[in-house]
Q: 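Before we start, here is the structure in question, set down as structure tokens.
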Protein chains: 2
Amino acid sequence: MLTFERQDMILSLLKQQKVAKLSELTEATGASESTIRRDLSELERQNKLKRIHGGASLPSRKSEEPGMTEKKASFTAEKQLIGRHAASHVEDGDSIFVDAGTSTEAMISHIQAKNVIIVTNGLNIIEASLRFGFRTYVLGGYVKSGTHALIGKSAVEAMRQYRFDKAFIGTNGVDASFGYSTPDPEEAYIKQIAVQEAQEAYVLADSSKLNRTSFSRFAGLQDAALITEAGSDSEEYLQQLSELTSIEAVKI
Amino acid sequence: MLTFERQDMILSLLKQQKVAKLSELTEATGASESTIRRDLSELERQNKLKRIHGGASLPSRKSEEPGMTEKKASFTAEKQLIGRHAASHVEDGDSIFVDAGTSTEAMISHIQAKNVIIVTNGLNIIEASLRFGFRTYVLGGYVKSGTHALIGKSAVEAMRQYRFDKAFIGTNGVDASFGYSTPDPEEAYIKQIAVQEAQEAYVLADSSKLNRTSFSRFAGLQDAALITEAGSDSEEYLQQLSELTSIEAVKI
DNA sequence: CTTTTTTGAAAGAAAATGATTGTTTTTGAT
DNA sequence: ATCAAAAACAATCATTTTCTTTCAAAAAAG
């Protein structure tokens, strides 16, 4: 990976999380500690970030506006791992749908493929996608406060205009019988269309989402592959799910 | 393959993906490493790109950015004044179109009216609009890098779905005979529709935009009211314009 | 056919990386 | 508060990768 790319990745991660541990950065970039330390030194020299013991934080800018990427406290190493795995499915020239959410946002920086077209309904995804230079298309519609996802009639209609090689979807619940679900029916509808329309559909779920149900079901387990983490406590549950759908469990 | 063809290929590849590894370039062009290196050196000399260890990236706009920010800073007070005046036109229950851009962004925070619905094609506007709690709708479409405006077929179609009481438009040029204009035809098209569809249309222009023309005309002076600043040096020009359209000049 | 330009390959120089060293900072138990 | 263990750090070195320089062959131009 090029120095430039890696440093960009560090900055983007920081913009999302405000602070990042060294281990998170090595994890996310695949580089060694030494390399990350050197990057941090260089970036600090450029005032792009501030080094702190154990990692780095954003520089204390006085007039920095609270961007649309706030409230991202739970951006864990787990999401990064899941994101990186999801990104490995993206191939040169793919057009992909990337759902709103933090899990899906984490995958953007890991996409290595070239000439990728990204379509999204998430404002946070737009920002990440642009930063990494992807051709970016946005669904129209109503901006739902909270998740900052685009929903409604316009969004649905916009979905029909595009053809997706792959769709990457976030979820709030994964359940053996109920399938994938999320609280808001309007958001669920967008996800449902994405799963239906895409050639391949992947649902990203950190371990907190397993064995849970939410109000609105948007797909059955068999409709989309599940990308999640292979934690020791969830081993048994994943085993059970694997009889119902394709599971891609990322090991820490 | 001819030298300029190969260099064109390098530049177009870079334009797509921001950074390119040497191996990608040799693969794409079929030329040897040495040849690509020579091309990169030459293109860097022309400021067409920036060489980085392992490949090349688009030239860092650091050189032009100081100018941009400097310019932006110097017009901030003026933009705020113009924005505040524009915001005074917004009434309770209005549905308004707010164009992408910094001038229009400045008006959001000054809107006092209640139950206002904001429709926009600018990513920066979304952020501001959400922050101040307005019901926010977004046009879909392609995200143009640079202005971060949504353009293209989807954006145009989305415009047709809404009815606007008022439209607030940014511009790059105000000219007595050519009217209002902006560099990008696609952006101009959106502005044009906004002016046509809205019950009332306002164009916001700081004083640097007066007596200038840009490539794409989107409206005649008589089609939209002009909100600008009444500077001492522009007094005469504004007097001249006031015979052609409605001028609302804000005094500092 | 000769001269100039472009190209690709090779060798040494420079840069980046990862591992290892010893030092500094933090942590937490007394 | 003090000390020892643990964690994080900077400095250094060997290895790998990339870069520049150089040169000769191939292609293009005169």
Q: Provide, to the nearest angstrom, the distance between the CD1 atom belonging to B/Ile36 and the P atom belonging to C/dT7.
A: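 So the two atoms are 10 Å apart, to the nearest Å.
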Q: Once side chain to side chain donor-acceptor pair (under 3.5 Å) is applied, do any residues pair with B/Lys48, and if so which ones, sequence neighbours excluded?
A: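 Partners of B/Lys48 under the side chain to side chain donor-acceptor pair (under 3.5 Å) test: B/Gln46.
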Q: In chain order, what residues pass the side chain to side chain donor-acceptor pair (under 3.5 Å) check against A/Gln7, with sequence neighbours excluded?
A: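 Checked A/Gln7 against side chain to side chain donor-acceptor pair (under 3.5 Å); matches are A/Asp39.
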Q: Roughly what angle, to 10°, lies between the helix axis at the start of the helix from C/dC1-D/dG30 to C/dT30-D/dA1 and the one at its end, five pairs per end?
A: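 Comparing the axis at each end, I get an angle of 40°.
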Q: Does B/Glu186 pair with B/Lys144 as a salt bridge, N-O distance under 4.0 Å?
A: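 Not counted as a salt bridge, because no side-chain N and carboxylate O are separated by less than 4.0 Å.
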Q: When the distance from CZ of A/Phe4 to P of C/dA16 is rounded to whole Å, what number comes out?
A: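 Atom-to-atom, A/Phe4 to C/dA16, this comes out as 14 Å.
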Q: Please determine whether a side-chain nitrogen of the Lys or Arg among B/Arg38 and B/Glu42 lies less than 4.0 Å from a carboxylate oxygen of the Asp or Glu.
A: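 Looking at B/Glu42 together with B/Arg38, the answer is no, because their closest N to O distance does not fall below 4.0 Å.
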Q: Between the side chains of A/Lys79 and A/Glu105, is the shortest nitrogen-to-carboxylate-oxygen separation below 4.0 Å, so that they form an ion pair?
A: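 Between A/Lys79 and A/Glu105 there is no salt bridge, as every charged N stays at least 4.0 Å from the carboxylate O atoms.
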Q: It should be established whether B/Thr35 places a side-chain nitrogen or oxygen under 4.0 Å from OP1 or OP2 of nucleotide C/dG8.
A: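 For C/dG8, OP1 or OP2 has a side-chain N or O of B/Thr35 closer than 4.0 Å.
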Q: Who pairs with A/Gln199 by side chain to side chain donor-acceptor pair (under 3.5 Å), at least two apart in sequence or on another chain?
A: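 Per chain and number, A/Gln199 pairs via side chain to side chain donor-acceptor pair (under 3.5 Å) with no residue.
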Q: A/Arg135: what forms a salt bridge (charged side-chain N to carboxylate O under 4.0 Å, His left out) with it, not counting sequence neighbours?
A: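 A/Arg135 satisfies salt bridge (charged side-chain N to carboxylate O under 4.0 Å, His left out) with no residue once adjacent residues are dropped.
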Q: Taking only N and O in the side chain of A/Thr26, is any of them less than 4.0 Å away from OP1 or OP2 of C/dG18?
A: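 Checking A/Thr26 against C/dG18: no side-chain N or O falls below 4.0 Å of OP1 or OP2.
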Q: What string of B, S and - do you get for nucleotides 8-18 of chain D, 5' to 3', when a contact is any protein heavy atom under 4.0 Å?
A: SBS-B-----S
